[in-house]
Each structure stands twice: as C-alpha cells, then as structure tokens.
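For reference, the structure is listed below as structure tokens.
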Amino acid sequence: MTYIHQTISGLQQTSPAQAEFYQAVEEVLESLAPILESNPIYQQQAIIQRLVEPERQIIFRVPWVDDNGDIQINKGYRIEFNSALGPYKGGLRFHPSVNAGIIKFLGFEQIFKNALTGLPIGGGKGGANFNPKGKSDGEIMRFCQSFMTELYRHIGPTTDVPAGDIGVGAREIGYLFGQYKRLTGRYEGVLTGKSLLWGGSLVRKEATGYGAVYFANYMLQDRGQSLQGKRCLVSGAGNVAIYAMEKLYQLGALPVSCSDSSGTIYHAQGIDLDLVKDIKEKSRASLERYIETHADAQYIPVSEYPENGHAVWHLDGDVAFPCATQNELTETDAKVLLSNGCIAVSEGANMPSTQDAVNTFIDAKIAYGPGKAANAGGVATSQLEMAQNASMQSWTFEEVDQKLQQIMKNIFNTANDTAMEYGQPGNLVLGANIAGFKRVADAMIEQGVV
Ligand code: GLU
C-alpha cells in the first residue's frame, strides 16, 4: 500500500495539520486498492494525485459588527474541489471548529457522494469558523451579508452552488441569497435549500434525514429485514436528525434518542418530535429542556459521557443513525453498539465514525451505510432544486420524494453491486468509494489534463 503512504505523507508536507482531510483520503484510498491494481490507466493518468488537490481554494476575511458595536473577524472558505461531473456542489458550514482541514475533508467526501447520486454535480464545500450559537438575528444577518460580499464573485448557478450544512439552515440561506441578489442584481438558483416562497424545492429540508432512513431500509431489506418495529438510536438534533426521526416514525420504527452539543436525551417510549422541533428549530435552545415536559426521559450531560465515547451509542437500540458530526462514534462506541445487538448503522452526518469504528462494523459484517452513500439524499435533492429552478418549474412533494427514494435505492444498489463485483459482498464502504471514484476518474480522463 505504498501509494497510500506516499499520498498521505505528500499531503502532510504540502497541506500540513489537516488531520480530518488525511482521514477522509486514507479511507477512500484503502478502498481503491483493487480498482487501481486492475486498471493501470488511473495511475498512468495520475488520477489520485489530481483528486487530492482541490481545483481552487478561496480563503477570505469576514469582518462584521456585533450588537455591542465591536468588530469581529472570522475566516471564510470555499473549496472548489472537483468539477469533472458538473458545477461544484456542496454546503456551507458555520461552526467554531471550521478550518481548512475540515472543509477539505468535507469537500473531498462530497466529490464521491455527488458522483454516487448519478447526477451531474461536482464537489465543493465552504463555511466559516463562526459560532452562530447565542448570536442575535441581526448578528447572523450581518455575518451572512459580509460572508456573501466576498463569496458572490466566486459562485453562480452553473459554476458553484452552495447550500446548508451545520449552522446554515433556511434563515442563513435567506440572508445569503438576499445579499447575492443585491450585489449581482440576478435572481437565480445560486444556492439550494432556499425557502419554498422563493425558489426552494419541496422535500429539500427533509431530504438528508429521510434519505438516511430510506438507505437503512434498503440495507435491511437486502438482508430480509425492515425498520418496522426497530428501536433506533439517533444522535444530533439538527435538520438531519429531526427528519430522520420523522421518517422513522412514518415507517413504524421508534427513535429513542437524540443529542446536542450539551447532552443526550433518552426516551424509551419514543422521542417527542414536536417538542424537539420546538426546542431546536423555534427556540434554538438546549435539549436539556426536554425533561421539563417529559419526566420519564433521561438527560445525560456531556460531563457524564463514557470515556472515549458518546452516551448515545451506549443505549439499547437495533439501528444507529449518527446524524451530528465527524468522529462522533469511536471504536469503543462501535463495540458497545455491537454487543448491544445493533444490526445496522446508517450515517446521516459526514464521516461520523472514526476509521477504527468503521473497521469494527465492516469486520462484524453488519449493515453499515457510510455517510457518502447514506446521506447523499440531501445533495441529490439540491440537484433536483437546481433542475426545477433551471426549468422554472416546481414539482409536488410526492414527485420529489419519489425521485429521492429512487436515487437512494440506486445508490444502495450501485454500492452493493460494486462491493460484490470486487469480491467483498456487503462492504458498502468499498462499494461506494469505488463506484464514486470510477465515475469521477473516467470523466477526468475524458476531459484531459486540466
Ligand atoms: N451539506 C450537505 C451535504 O453534506 C448538502 C450539500 C448540498 O445540498 O449541496 O451533503
């Protein structure tokens, strides 16, 4: 595996201190060994070396004035990673942990995820090390306006189309779009995840969570099972977690947990989803408030989490949906999940399982859907939003939901068939990485050295 070591140590030299990015690259490269061996063209064409270097990285200052009149400065990013299959597509993340390594890992994952959807979208990602927590509406608006005042010159409906991610939802997309329109004078589909009032698509808000649940169901059906009656462990309480829980209820499963940055809620009789929506979407408050209404639920603060792990994965459940953030599920957590009888994991977040946790799931041969396959429903529905904008149409909820289900089914079948073809049946990490890679790499070869 010298090419893996060579690539990673090369990146450590040229792009230092980007641990999450190396992690994402290493996982993909490990999966690619069989296809690289059987197809020397990819090495002759230096596809790996080209893939790990973004086509363009924009890093910019985001100055804004807070409610006290003090000047604040954040760092903004847009990484246009790969455009072999279409315009750069991927979300914006506003979170204090954001740095170049985080945006690059997300952008790198996005290339393969977007390729797997089968739709014409390249990979990109952006964001800022801005903490939206505790900020007033006015501060959020001024931050978004300042962010877009630089970003607008780099994006466009056929070049680079950002969307939401952690910390960027409907409110932020609204402020970003307003400023883009003011600066350019153009009313066009330059962002996805827009409000339904002005160009958004039905189902986009729900799509990532719904998609991760559809994906889990396809994995289970392939093994002669279903989600019906399953107790489900969900982490997170943002857009992805909320709509994963909504779909779980619709399919007859029982979500019993959710979490935020301060702690985890366990409610054995099933999470009260209206209450979670109220706390997180309306009040933007801590989940701790949940137990004020439900005395029979348990709140586990972060200070009481197990060593090297997250409380949510130490609860009793049949299926796990990590829907919070990267590396939120460790090897220790994976072992506890397995010993508690967990039969499937479907990742709503990007790279939520550490590399050792992934290997633990693969070795145990449970149904494991990696984020770049299981959470691709969000970006796929973004592409459906672009298609509606470009054709000046809007499709019904049922129409978009049908397409989303079909896309998730195709992703599962593609990853599953590819894993089989390469002699590792059931290994959807290998299947997803090879299938995504093949589509991008072949397009890159056809387009020449650019
Ligand atoms: N941020 C989401 C993701 O990780 C969605 C991106 C998009 O809709 O462009 O895939």
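Start at 1 with the first residue, then count along the sequence. Both counts, for ligands and for their atoms, begin at 1 and track the order of listing.
Nearest heavy atoms, Met219 versus Tyr368: SD-C, 3.7 Å. Residues Met141 and Tyr175 come closest through the heavy atom pair CA-CD1, 3.5 Å.
Checked by atom type, the side-chain pair Asn114/Tyr88 shows no donor-acceptor distance below 3.5 Å.
Taking a cut-off of under 4.0 Å to the non-hydrogen atoms of Asn350, the atoms of ligand 1 that pass are 4 (O). Remark: ligand 1 atoms within the under-4.0 Å shell around heavy atoms of Ser382 are 7 (C), 8 (O), 9 (O). Set against the non-hydrogen atoms of Ala163, the atoms of ligand 1 under 4.0 Å away are 7 (C), 8 (O), 9 (O). Within the listing of ligand 1, atoms 5 (C), 7 (C), 8 (O) sit less than 4.0 angstrom from a heavy atom of Arg204.
Ligand 1 is approached by Lys113 to a heavy-atom distance shorter than 4.0 Å. A heavy-atom separation below 4.0 Å is not found between Gly371 and ligand 1.
Here Lys125 has side-chain heavy atoms under 4.0 Å from ligand 1, and that is the only part of it that gets that close. Neither the backbone nor the side chain of Leu106 has a heavy atom within less than 4.0 Å of ligand 1. At a 4.0 Å heavy-atom cut-off, ligand 1 does not touch Arg93 at all.
Remark: aromatic rings of Tyr187 and Trp198 are distant, center separation not under 6.0 Å.
For atom 9 (O) of ligand 1, the closest non-hydrogen atom of the protein is Lys89 NZ, 2.7 Å. The protein heavy atom nearest to atom 6 (C) of ligand 1 is Gly91 N, 3.5 Å.
Contact check for Asn350 versus Gln326: no side-chain heavy atoms found under the 4.5 Å cut-off.
Of the charged side-chain nitrogens involved, at least one lies within less than 4.0 Å of a carboxylate oxygen, so that Glu27 and Lys372 count as a salt-bridged pair.
For ligand 1, one of its N or O atoms has an N or O atom of Gln110 under 3.5 Å away. Checked against a 3.5 angstrom limit, the closest N/O atoms of Val161 and ligand 1 fall outside it.
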For salt bridge (Lys or Arg N to Asp or Glu O under 4.0 Å), just list the numbers for Arg153 and Glu150, CA-CA rounded to whole Å, side-chain angles, deciding distance to a tenth of an Å, and then say yes or no. CA-CA 7 Å; Arg153 70 191 77 238; Glu150 174 59 33; 3.6 Å; yes

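The aromatic rings of Phe112 and Phe108 stand perpendicular to each other, their planes meeting at an angle above 60°, with 30° marking the opposite boundary. In this structure, Phe437 and Tyr42 have perpendicular ring planes: the angle between them is above 60°, well past the 30° mark.
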